[in-house]
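Beneath this line is the structure, given in structure tokens, with notes to follow.
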Protein chains: 2
Amino acid sequence: MTYCVGLLLKAGMVLLSDTRTNAGLDNIATYRKLFTFEVPGERAIAIMTAGNLSVTQTTIARLEEEMSDDPDVDHSRSILKAPTMLRVAELVGETLSQVRGEIAGRMAGAEAIASASMIVAGQRRGGGMRMFLVYQEGNFIEATEDTPFLQIGEHKYGKPILDRVVTPDLGLAEARKAVLLSMDSTLRSNLSVGMPLDMAIIAADDLRISERARIEAGDARFAAMSEAWSQALRDAFRRIEI
Amino acid sequence: MTYCVGLLLKAGMVLLSDTRTNAGLDNIATYRKLFTFEVPGERAIAIMTAGNLSVTQTTIARLEEEMSDDPDVDHSRSILKAPTMLRVAELVGETLSQVRGEIAGRMAGAEAIASASMIVAGQRRGGGMRMFLVYQEGNFIEATEDTPFLQIGEHKYGKPILDRVVTPDLGLAEARKAVLLSMDSTLRSNLSVGMPLDMAIIAADDLRISERARIEAGDARFAAMSEAWSQALRDAFRRIEI
């Protein structure tokens with residue numbers, strides 16, 4: 001399974017994904033699900049993926065090929081050249097829908113399901129920050145002030161904390177904490193979501209990937225935060241009266 | 001949808017269910033999903049239901065008929081006369097499986113799905129407290145010291161808090177708080193789980209329904225607890241360092 005969460009705040013965009021991929025319970029591997037692309041000073045884009053790995057990898061590979069400087073490739077659909085973030089979301093959606101259709105067609109009758117979804121976040125010079133959840137049919141929804149976060153994959157365990165603390169005014173340090181705690185609840189409850197974690201931050205108007213981090217399984221700070229949060233929840237639980 | 005949760009603790013068993021039933025999003029009603037049966041001093045049993053309402057209502061109706069004093073009915077399968085709680089779980093499972101099979105057969109080809117599950121908890125004189133999750137095929141699993149709670153329906157939103165605070169040593173007052181907070185997280189995130197709530201407590205060796213309560217939508221204490229918990233979570237969130 002997978003858990004990816006993205007926050008769209010006034011201060012910037014914060015994205016966090018796990019890296020666990022499994023084909024059944026007995027075939028578990030680590031794959032990156034967070035991809036970043038930038039032309040510093042001009043645009044920064046982050047994409048997170050959930051679902052069938054052959055679909056998401058092929059989609060990302062095609063998008064990367066169109067961004068490459070390979071002279072044999074048609075770059076007219078490069079997301080680094082798209083005029084707006086809306087167009088970026090459309091290009092990702094069209095590619096995802098096409099790849100998914102090809103693979104689903106070949107898998108017809110097989111038990112496995114070629115489903116996938118993506119979160120696309122970014123900003124280009126002259127435009128605002130935008131964050132989209134792109135479905136496998138290529139259509140998408142967008143994060144707004146009312147709903148300033150998007151999730152894909154195993155989203156339920158980590159949603160209660162987001163519902164309570166995430167508002168568009170949250171600062172980036174608080175936002176980092178919010179997504180890590182949301183992931184922590186998910187890791188505890190669903191073994192098919194697993195460390196290491198990948199995080200990316202695109203600060204408002206920074207027009208570059210402001211921060212990238214991988215948090216490894218033994219990370220002492222993450223473990224301390226997780227333990228402190230559990231302790232705080234248990235303390236709060238003891239104090240609540242009914 | 002539905003959310004039902006039951007805790008099996010040394011001090012007793014605590015059960016909580018919502019009451020919302022929906023056929024689509026535009027047809028919402030309130031139905032009891034928590035049923036209690038007792039022969040005070042001899043045995044106490046509570047059953048919670050999730051899934052297709054025609055399946056769960058018919059199952060409960062047949063179980064009630066077998067418990068009735070109607071002379072025209074065969075009482076040999078009454079769960080109030082079963083020698084052990086294990087046999088009670090088997091009887092509920094057999095009835096559920098049969099009803100479900102009959103209805104699923106008639107619904108073959110229709111879009112709706114006749115799935116259902118139940119939590120069966122109780123104690124008889126001379127036996128220990130037992131709590132079972134009964135599947136629609138009639139098989140079941142049992143709560144244990146390692147996993148002292150069972151959930152049916154929309155279980156994910158309310159699981160993180162249970163994972164953190166529920167141990168077999170939890171007292172009944174704390175247990176009541178734990179299931180209410182677990183329900184609170186679920187109510188916030190899934191509109192198809194709704195008030196009022198039904199709660200039942202069977203204290204250890206009490207051999208009766210020790211407490212029954214209905215918590216209505218406007219309940220001031222529940223609202224205060226919910227607000228205090230949100231505030232405590234936000235405070236804890238602010239204090240956590242990463």
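Hydrogens, waters and symmetry mates play no part in the numbers below; they use all other heavy atoms, side chains included. So that the names make sense, note that chain A is the first sequence line, chain B the second, and so on, each numbered from 1.
A:Trp229 is listed as a side-chain neighbour of B:Leu233, based on a closest heavy-atom distance under 4.5 Å. A heavy-atom distance below 4.5 Å is not found between the side chains of A:Lys159 and B:Arg188. Within the 4.5 Å cutoff, no side-chain heavy atoms of B:Glu241 are placed close to those of A:Arg221.
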Please evaluate residues A:Asp184 and B:Arg164 with respect to the criterion salt bridge (Lys or Arg N to Asp or Glu O under 4.0 Å), reporting the C-alpha separation (whole Å), side-chain torsions for both, the decisive distance (0.1 Å), and the verdict. CA-CA 12 Å; A:Asp184 181 54; B:Arg164 287 194 173 90; 3.1 Å; yes
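Contacts between B:Glu154 and chain A at a heavy-atom distance below 4.5 Å involve the side chain alone, from C-beta outward. For A:Leu181, the part sitting under 4.5 Å from any heavy atom of chain B is the side chain, from C-beta outward, and nothing else. Contact annotation for B:Ala224: neither backbone nor side-chain heavy atoms come within less than 4.5 Å of a heavy atom of chain A.
For B:Ile28, the CD1 atom is densely surrounded, since the number of other residues' heavy atoms within 6.0 Å is greater than 12. More than 12 heavy atoms of other residues, nucleotides or ligands shown are found within 6.0 angstrom of CD1 on B:Ile141. Around the CD atom of B:Glu227, the shell of radius 6.0 Å holds more than 12 heavy atoms that belong to other residues, nucleotides or ligands.
For chain A, the option among B:Ala228, B:Gly158, B:Ser189 with the highest count of heavy-atom pairs below 4.5 Å is B:Ser189. Note: B:Lys177 leads B:Arg238, B:Lys177, B:Gln231 in heavy-atom pairs under 4.5 Å with chain A.
The backbone N or O of A:His155 lies less than 3.5 Å from no partner atom in the side chain of B:Lys156, so there is not a single donor-acceptor pair.
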